[in-house]
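Read through the structure below, which is laid out as structure tokens, and then see the notes.
None of the values given here were measured: they were computed from a predicted structure. Note on naming: letters A, B, ... go to the chains in the order of the sequence lines (proteins, then strands), and numbering restarts at 1 for each one.
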Amino acid sequence: MRKILSKTFFQRNTLAVARELLGKFLVRKIGKREIAGIITDVEAYDGLNDKASHASRGKTKRNEVMFRAGGVWYVYCVYGMYEMLNIVTREKGYPSAILIRGVLADDVLYKKTNGPGKLTKFFCIKRSLNENQAQKNSGLWIEDRGIKIKNFLRGKRIGIDYAGAWKHRLWRFYIMVEIAKI
DNA sequence: ACGATGATGAAC
DNA sequence: TTCATCATCGTA
């Protein structure tokens with residue numbers, strides 16, 4: 001089973017989408033080469049009130065894509081070095097997105113993709129993908145390949161100590177993966 | 001524990 | 001135009 005997730009999947013409650021992204025496949029195609037990995041770690045950033053979200057201080061040039069209808073990529077640079085990959089959710093006008101923090105491709109690649117900055121580096125994801133649809137024509141999309149995640153963990157979002165009370169929200173969803181010794 | 005490294009947004 | 005901040009990572 002291989003089904004590319006459509007706009008309607010993303011244009012729903014952000015926390016529900018985040019939870020359901022666990023076990024889906026992130027697929028990257030550059031030329032003839034295709035690489036894919038199971039999504040294992042995500043964080044939700046939802047609405048204007050969420051003080052951890054870029055949207056909390058209103059619309060800016062950078063976060064404008066978060067206000068669009070769900071199903072497009074939001075890619076930005078943090079700490080001057082790392083690209084962060086987010087998928088926009090909800091309907092047009094509601095700012096929200098999900099940060100993809102971890103992907104399991106294979107045992108070797110896992111070590112390289114355990115973290116949002118490493119993930120984008122090894123999937124060759126750059127800011128040129130910002131605003132693009134999560135569909136084949138952009139070279140980056142998400143597929144349902146039939147994996148069902150029964151047990152997952154929730155936790156606080158990483159690196160948002162500035163967010164006041166919002167830093168305690170359990171809006172990180174992730175699964176632990178046992179890695180065989182290489 | 002800390003420095004790298006540069007885009008961003010708010011202040012001036 | 002300046003300046004503090006930052007959804008991180010590698011090294012120690």
Side-chain angles (χ1 to χ4, degrees), chain A residues 10 12-22 24 26 28 35 37-68 70-90 94-132 134 138 140 142 152-177 179 182:
Chain A
F10 299 108
R12 297 182 296 133
N13 177 282
T14 306
L15 297 185
V17 175
R19 151 71 186 92
E20 291 174 36
L21 278 179
L22 296 177
K24 301 295 190 293
L26 181 70
R28 178 75 167 121
I35 181 172
I38 305 170
I39 296 171
T40 59
D41 193 348
V42 297
E43 286 176 359
Y45 291 84
D46 189 48
L48 285 168
N49 294 328
D50 178 6
K51 289 295 182 288
S53 172
H54 290 167
S56 66
R57 279 176 286 186
K59 191 186 287 186
T60 67
K61 186 173 183 180
R62 178 177 66 169
N63 68 25
E64 177 270 334
V65 69
M66 292 183 77
F67 290 75
R68 298 195 195 180
V72 296
W73 297 114
Y74 172 38
V75 184
Y76 68 92
C77 179
V78 73
Y79 299 114
M81 282 175 279
Y82 303 106
E83 313 287 327
M84 297 287 105
L85 176 66
N86 301 252
I87 184 71
V88 173
T89 59
R90 298 285 299 238
Y94 187 107
S96 53
I98 296 164
L99 171 67
I100 300 179
R101 294 189 60 86
V103 164
L104 173 64
D106 56 51
D107 285 354
V108 175
L109 194 61
Y110 176 71
K111 293 180 180 299
K112 299 176 179 174
T113 56
N114 187 19
K118 288 186 281 187
L119 182 153
T120 53
K121 180 178 178 186
F122 288 96
F123 275 76
C124 297
I125 292 164
K126 305 175 200 165
R127 266 166 294 176
S128 56
L129 277 159
N130 190 46
E131 308 181 27
N132 278 268
S138 69
L140 183 67
I142 300 175
F152 62 95
L153 301 169
R154 290 186 71 161
K156 297 177 184 181
R157 293 172 290 179
I158 306 297
I160 55 153
D161 286 344
Y162 55 85
W166 292 82
K167 73 182 178 186
H168 300 116
R169 297 278 172 126
L170 302 179
W171 284 5
R172 179 187 181 201
F173 299 84
Y174 58 105
I175 56 179
M176 300 300 277
V177 181
I179 304 296
I182 302 170

* Asked: Pairs counted as Watson-Crick or G-U wobble with both distances under 3.5 Å: what dot-bracket string results for DNA chain C, using | for bases tied to another strand?
  -> ||||||.||||.

* Cationic tip of Arg172(A) within the cone over Tyr174(A)'s six-membered ring, i.e. under 6.0 Å and within 45° of the normal? -> yes

* Mind checking ring pair (Phe, Tyr, Trp, His ring centres under 6.0 Å) for Tyr76(A) and listing every partner two or more places apart, or none if nothing turns up? => His54(A), Tyr74(A)

* For nucleotides 2-12 of chain B, just jot down a letter per nucleotide in 5' to 3' order: B, S or -, based on protein non-hydrogen atoms under 4.0 Å. => --BBBSSSS--

* Structure fact -> So the salt bridge (Lys or Arg N to Asp or Glu O under 4.0 Å) pairs with at least one residue in residues 158-171 of chain A (sequence neighbours excluded) are none

* Is the distance from OP1 or OP2 of dT8(C) to the nearest side-chain N or O of Lys121(A) less than 4.0 Å? -> no

* Is it true that a side-chain atom of Ser53(A) and a backbone atom of Asp50(A) form a donor plus acceptor pair closer than 3.5 Å? -> no

* Is it true that a side-chain atom of Arg157(A) and a backbone atom of Ala52(A) form a donor plus acceptor pair closer than 3.5 Å? -> no

* When Trp73(A) is tested against each of Val88(A), Asn130(A), Leu85(A), Val65(A) for side-chain contact (heavy atoms from CB on, under 4.5 Å), which residue passes? -> Leu85(A)

* **Donor-acceptor under 3.5 Å (Thr40(A) side chain, Gly102(A) main chain)** => yes

* Are Arg127(A) and Glu83(A) within salt-bridge range, i.e. N to O under 4.0 Å? -> yes

* Asked: Using a distance-only test with no angle check, is there a side-chain donor-acceptor pair under 3.5 angstrom linking Asn132(A) and Ser138(A)?
  -> no

* **Lys121(A) atom NZ, over 12 foreign heavy atoms within 6.0 Å** => no

* Asked: Roughly, in whole Å, what's the span from NZ in Lys118(A) to P in dA7(C)?
  -> 18 Å

* **Member of Val103(A), Leu104(A), Leu21(A) meeting the side-chain contact (heavy atoms from CB on, under 4.5 Å) criterion with Leu26(A)** => Val103(A)

* **Members of residues 154-168 of chain A that approach DNA chain B, where some heavy atom sits under 4.0 Å away** => none

* Asked: How many Å lie between CD1 on Ile87(A) and C1' on dA7(C), as a whole number?
  -> 16 Å

* Rounded to the Å, how far apart are Met84(A) CE and dC6(C) C1'? -> 11 Å

Are any protein N/O atoms closer than 3.5 Å to N/O atoms in nucleotides 1-4 of chain C? If there are, list each pair with its distance.
none

* To do: Output yes when a side-chain donor or acceptor of Thr120(A) lies under 3.5 Å from a complementary backbone atom of Met84(A), and no otherwise.
  => no

* To do: Inspect the surroundings of CZ in Arg154(A) and state if more than 12 heavy atoms from other residues, nucleotides or ligands are less than 6.0 Å away.
  => yes

